Amino acid sequence: MTSPDPLLPPMQARLTVLGRWRASLASDPALRRALGWLAPTLITLFAALVRLANIDHPHELAFDETYYVKDAWSLWTLGYEGTWGDGANAAFNAADTDQIAAALDSKGSFVVHPPLGKWLIALGMAMTGPASSFGWRVAVAVIGTLTVLLVFLIAKALTRSLLAASIAGFLLAIDGLSIVMSRTALLDGILTFFILLGFLFVLYDRQRMVPRIETSVPDAAQPLIGRVFWGRPWLIAAGVALGAASAVKWSGLYALAAFGLYVVITDALARRRAGIVLWPTDAVFRQGLASFLLMVGPALATYLVSWTGWFVTSGGYDRDAAANPLVGLFEYHSSILGFHSGLSTSHPYASPAWQWPLLLRPTAVWVERQPNTCGAENCISVVSTLPNPLLWYLGVIAVLYLVYRITRALIERTPVAWELWAPLVGIAATYVPWLFLPQRTIFQFYTVAIMPFLVLALVLTLRDLAGRRDDPLPRRQAGERTVIVVLVMITLVSVFFYPVWTGGSVPCELWLVHEWLRGWV
């Protein structure tokens with residue numbers, strides 16, 4: 001018989017509703033295999049539907065699309081980011097291709113983010129031309145849809161549960177922040193995809209390598225040092241993915257550092273279990289050096305490849321700053337670093353990182369009053385990066401719960417399930433670094449990279465809430481009912497907020513009902 005679903009207790013759990021469903025799958029391997037393909041397929045298609053529906057609305061550059069859409073088309077046209085004239089935004093909004101072409105100057109422009117994300121946006125524009133708002137956003141929507149699939153695969157790797165993975169994928173599919181950042185031509189949704197892809201590859205490396213490390217030492221032997229493993233293809237793949245994340249926005253470097261540290265710690269603990277005497281130094285200075293080269297080498301190569309357009313053309317910013325183009329690129333990066341270090345201008349939607357867990361100031365990327373378009377005199381259309389608030393706050397509580405569980409286990413010196421650490425590693429990579437930049441102008445929508453890890457934390461918490469295999473039947477029945485109620489409530493909240501995420505025209509009075517906190521306006 002196949003191993004029990006970690007979300008549901010076996011044996012007695014078959015007496016509960018979900019337990020009977022689980023037992024039927026266990027008795028029919030063919031059905032289980034079919035659902036193993038059908039569940040992620042349906043969830044991904046659903047995510048595509050809510051992200052692609054009416055994606056060309058609004059047909060105007062929303063928020064920072066004014067930078068990335070124009071830079072993307074410049075990359076596709078020139079191979080580097082050129083300079084745009086004052087009438088460029090009006091030309092894009094009016095879908096006037098002649099004026100768009102006239103507004104682009106070949107002089108290199110100083111831009112502060114690497115080019116990969118803009119190249120991906122350009123792929124969508126290449127299919128439709130620069131006048132189509134569908135083309136501006138379709139590549140981001142596809143990447144956002146695939147991000148939902150990645151969360152499913154990560155949850156499956158953590159829990160080995162089809163049900164838990166399906167819940168994780170579904171929750172991200174209906175989250176408002178994830179939906180909006182998949183329907184807007186900004187870089188953060190693309191960044192999130194590559195961070196999650198790198199994290200998935202790190203988990204696959206762990207699944208493959210931990211058993212090999214633990215069995216690499218003969219029984220009863222206690223060598224001073226262990227074997228250095230170079231054959232780690234998933235680690236190389238993770239380096240490529242995280243290098244791509246860094247080639248979208250430099251904050252991808254935080255993920256590369258955090259996940260690399262996670263790999264070293266995981267290897268160290270596996271060497272300790274294997275009985276290697278000098279397991280800490282062995283993992284850091286021998287295997288750690290190998291892992292560093294396996295991850296950072298491909299990451300650096302991927303990052304440099306993303307600048308190919310700048311290398312093979314002559315008009316990019318600072319391209320002729322030095323005879324050696326690598327020196328010129330270094331000087332360009334020094335200027336970019338100076339810009340980011342001094343970025344502290346005021347903005348009405350700025351939100352320091354300490355506010356993010358409280359969800360005090362989401363960003364309205366587009367607002368327009370539209371009288372008599374919704375069956376009422378005063379109508380408004382809004383696209384807000386507000387997450388599903390119930391999902392968000394429950395995710396924050398779930399992170400605190402995981403911290404409590406791990407802390408208690410460490411105090412009591414009891415084993416800690418390794419999967420409990422995974423969401424916290426993701427939070428450390430995508431949130432903690434921003435806490436050290438209190439003066440910098442940053443926004444709540446940066447948390448789109450945090451949201452998948454909040455979902456994973458919530459799914460692990462719901463698994464505990466559903467009950468353990470040795471819990472009494474009434475406890476498990478109550479737990480399962482509670483989980484179902486939570487999921488239904490989250491879904492209903494998403495239905496309620498969907499117009500605010502997609503720019504639907506609603507009466508102003510109804511829009512105000514969505515503003516649960518003053519900062520949401």
Side-chain angles (χ1 to χ4, degrees), residues 42-43 46-51 53-54 144-145 147-148 151-152 155 163-164 166-184 189 192 351 355-365 367 374 380-401 423 444-445 447-448 450-463 465-466 479-521:
L42 292 178
I43 291 170
F46 172 71
L49 176 64
V50 298
R51 282 155 176 76
N54 201 27
T145 300
T147 300
V148 172
V151 168
F152 175 94
L163 180 57
S166 299
I167 292 173
F170 175 74
L171 290 178
L172 193 71
I174 64 172
D175 172 61
L177 175 61
S178 304
I179 290 172
V180 172
M181 299 307 290
S182 299
R183 295 170 56 90
T184 311
T192 302
S351 177
Q355 292 183 354
W356 293 354
L358 304 176
L359 200 58
L360 298 182
R361 191 57 172 157
T363 307
V365 299
V367 179
C374 62
I380 190 170
S381 293
V382 177
V383 177
S384 173
T385 62
L386 178 72
N388 179 310
L390 181 58
L391 176 58
W392 176 269
Y393 288 126
L394 288 177
V396 172
I397 293 171
V399 169
L400 298 177
Y401 168 74
Q444 177 84 37
F445 67 79
T447 58
V448 66
I450 303 173
M451 193 70 211
F453 298 104
L454 293 183
V455 167
L456 293 171
L458 180 58
V459 168
L460 293 175
T461 302
L462 292 177
R463 182 181 63 169
L465 183 60
E480 291 177 4
R481 293 190 188 107
T482 303
V483 170
I484 292 172
V485 169
V486 169
L487 296 178
V488 170
M489 291 179 63
I490 291 174
T491 303
L492 292 177
V493 170
S494 284
V495 172
F496 177 66
F497 276 91
Y498 189 72
V500 178
W501 298 330
T502 57
S505 181
V506 297
C508 288
E509 294 78 8
L510 177 60
W511 171 63
L512 290 174
V513 174
H514 293 81
E515 308 305 321
W516 296 357
L517 297 178
R518 180 174 298 180
W520 293 6
V521 177

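What you see is a predicted model; the values in this text were computed from it and never measured.
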Measuring only between side-chain heavy atoms, which start at C-beta, is [X] closer than 4.5 Å to [Y]?
X: Met489; Y: Val485; answer: yes
X: Leu177; Y: Gln444; answer: no
X: Val500; Y: Leu386; answer: no
X: Val455; Y: Asp175; answer: no
X: Ile380; Y: Val506; answer: yes
X: Ser351; Y: Leu360; answer: no
X: Val486; Y: Leu394; answer: yes
X: Phe445; Y: Pro362; answer: no

How long is the span from the [atom1] atom in [X] to the [atom2] atom in [Y], to the nearest 0.5 Å?
X: Ile43; Y: Thr145; atom1: CD1; atom2: OG1; value: 13.0 Å
X: Leu465; Y: Arg463; atom1: CG; atom2: CZ; value: 12.5 Å
X: Ile397; Y: Leu458; atom1: CD1; atom2: CG; value: 9.5 Å
X: Ile179; Y: Leu172; atom1: CD1; atom2: CG; value: 9.0 Å
X: Thr447; Y: Phe453; atom1: OG1; atom2: CZ; value: 13.0 Å
X: Leu358; Y: Leu517; atom1: CG; atom2: CG; value: 9.0 Å

Has the side chain of Asn388 got a donor or acceptor atom that lies under 3.5 Å from a matching backbone atom of Ile490?
-> yes
Would you confirm whether Tyr393, through its side chain, and Pro357, through its main-chain N or O, come within 3.5 Å as a donor-acceptor pair?
-> no
Step-by-step side-chain contact (heavy atoms from CB on, under 4.5 Å) determination, Thr385 to Val365 = CA-CA 7 Å; Thr385 62; Val365 299; 3.7 Å; yes
What class does the angle between the rings of [X] and [Y] fall in, given that below 30° is parallel, 30 to 60° is tilted and above 60° is perpendicular?
X: His514; Y: Phe497; value: perpendicular
X: Tyr498; Y: Trp501; value: perpendicular
X: Phe170; Y: Phe46; value: parallel

Grab the two heavy atoms, one from [X] and one from [Y], that are nearest each other, plus how far apart they are.
X: Ala173; Y: Ala47; value: CB-CB, 3.9 Å
X: Val151; Y: Pro452; value: CG2-CB, 3.8 Å
X: Ala398; Y: Thr461; value: CB-OG1, 3.3 Å
X: Val493; Y: Pro389; value: CG1-CD, 3.8 Å
X: Val367; Y: Ala364; value: CG2-CB, 3.8 Å
X: Val448; Y: Gly189; value: CG1-N, 4.3 Å

side-chain hydrogen bond (donor to acceptor under 3.5 Å, both in side chains) with [X]: which residues, sequence neighbours excluded?
X: Trp520; value: none
X: Thr147; value: none
X: Arg183; value: none

Verdict with supporting geometry, Leu487 and Leu462, side-chain contact (heavy atoms from CB on, under 4.5 Å) | CA-CA 10 Å; Leu487 296 178; Leu462 292 177; 4.1 Å; yes
